[in-house]
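Structure first, commentary second.
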Amino acid sequence: MSNKAFIRKKLMEGLTDTKPKRIVAGVLIKCTQTGNVFLLLRNDKTPTWALVSGTIEEGEKPLEGLQRELFEELFIRPNVIQYKYIGVEHIADKNIEFHYYEGYCNNEFKPILDHENLNWGWFSKDKLPSPLFKGINEKIAAI
């Protein structure tokens, strides 16, 4: 097989090998009273501090799925948060459509974590934990 034919074959495989797009929503929560942001230490292969997020199930709107995830992962009532839709980010290498929200609450809540998270905390912008999930610094600076 020539190099040209091989390249054409690989390109065509890439076009037909499509995984369904995963729709995810996440919220960075800020307490209006203290100015602190809420972060979770994710229970991943390499644990990192991140915002609350989760996969949206079929038939759900992004905000509905996010509110369900808040209850499932943190056991908090999602209506204690005011949500502001910021926009959608496309993460091509993972085939993810990420709907990003900022959330505001009046008081710092204390969640009850499920198995998906190892720890949680309220942090000031100048005393953030480490390591942070990629891109969180920019979101924290903007909220």
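The first residue in the sequence is number 1, and the count goes up from there. Atom set for the values below is all heavy atoms of this structure, side chains included, hydrogens, waters and symmetry mates excluded.
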Determine whether Asn117 and Arg42 make a side-chain contact, defined as any pair of heavy atoms from C-beta on separated by less than 4.5 Å.
yes
Are any non-hydrogen side-chain atoms of Ile29 and Leu70 less than 4.5 angstrom apart?
yes
Minimum heavy-atom distance Pro47-Pro131, with the two atoms named:
O-CG, 3.6 Å
Taking Ile81 as the starting point, is it possible to reach Tyr104 by hopping between hydrophobic residues whose side chains are less than 4.5 Å apart?
no
Flag yes if Ile91 and Tyr101 sit in one hydrophobic cluster, no otherwise; membership is Ile, Leu, Val, Met, Phe, Trp, Tyr, and two members link when side-chain heavy atoms are under 4.5 Å apart.
no
Begin from the C-alpha positions of Asp114 and Glu116 and carry the test side-chain contact (heavy atoms from CB on, under 4.5 Å) through to its verdict.
CA-CA 6 Å; Asp114 72 356; Glu116 293 186 42; 3.4 Å; yes
Does Trp120 belong to the same Ile/Leu/Val/Met/Phe/Trp/Tyr cluster as Leu118, with side-chain heavy atoms less than 4.5 Å apart forming each link?
no
Does a side-chain heavy-atom distance below 4.5 Å link Ile136 with Leu128?
no
dist Ile76:CD1 -> Lys110:NZ (nearest 0.5 Å) comes out at 14.0 Å
Using 0.5 Å steps for rounding, measure from the NZ atom of Lys30 to the CD1 atom of Ile140.
11.0 Å
Using a 6.0 Å cut-off, check whether atom CZ of Phe133 has over 12 heavy atoms from anything other than its own residue.
no
Is there a side-chain contact between Lys84 and Ile86, using heavy atoms and a 4.5 Å cut-off?
yes
Between Leu51 and Val37, is there a shared hydrophobic cluster once you connect ILVMFWY residues whose side-chain heavy atoms come closer than 4.5 Å?
yes
Is the shortest side-chain heavy-atom distance between Val80 and Asn106 below 4.5 Å?
no
Please report the interatomic distance CD(Glu57) to CD(Glu64), rounded to the nearest 0.5 Å.
11.0 Å
Ring pair (Phe, Tyr, Trp, His ring centres under 6.0 Å) pairs, two or more places apart, involving residues 19-64
Phe38-Phe109, Phe38-Trp122, Trp49-Phe123
Quick check against the 3.5 Å criterion: does Thr32 have a side-chain atom that pairs as donor or acceptor with the backbone of Cys105?
yes
Any side-chain heavy-atom pair of Ser53 and Phe98 under 4.5 Å
yes
Side-chain contact test, heavy atoms from C-beta onward, threshold under 4.5 Å: evaluate it for Leu41 versus Thr48 and give yes or no.
no
Leu28 and Leu39: side-chain contact (heavy atoms from CB on, under 4.5 Å), yes or no, with the steps?
CA-CA 8 Å; Leu28 179 61; Leu39 297 173; 3.9 Å; yes
Could you work out the complete set of other residues in the hydrophobic cluster of Ile23, with links drawn between I, L, V, M, F, W and Y side chains under 4.5 Å apart?
Ile56
Quick one: does Leu40's side chain get under 4.5 Å of Glu73's, heavy atoms only?
yes
Applying side-chain contact (heavy atoms from CB on, under 4.5 Å), run through Leu113 and Asn43 and close with a yes or a no.
CA-CA 11 Å; Leu113 300 181; Asn43 189 10; over 6 Å; no
Any chance you could lay out the side-chain contact (heavy atoms from CB on, under 4.5 Å) test for His90 and Glu97, step after step, and finish with the verdict?
CA-CA 5 Å; His90 297 279; Glu97 181 181 295; 4.0 Å; yes
Backbone N or O of Val27 within a donor-acceptor pair of the Tyr83 side chain at under 3.5 Å?
no
Exceeds 12 heavy-atom contacts within 6.0 angstrom, atom NZ of Lys94
no
Same cluster (ILVMFWY, side-chain, under 4.5 Å), Val88 and Tyr100
no
Gln82, CD: over 12 other non-hydrogen atoms inside 6.0 angstrom:
no
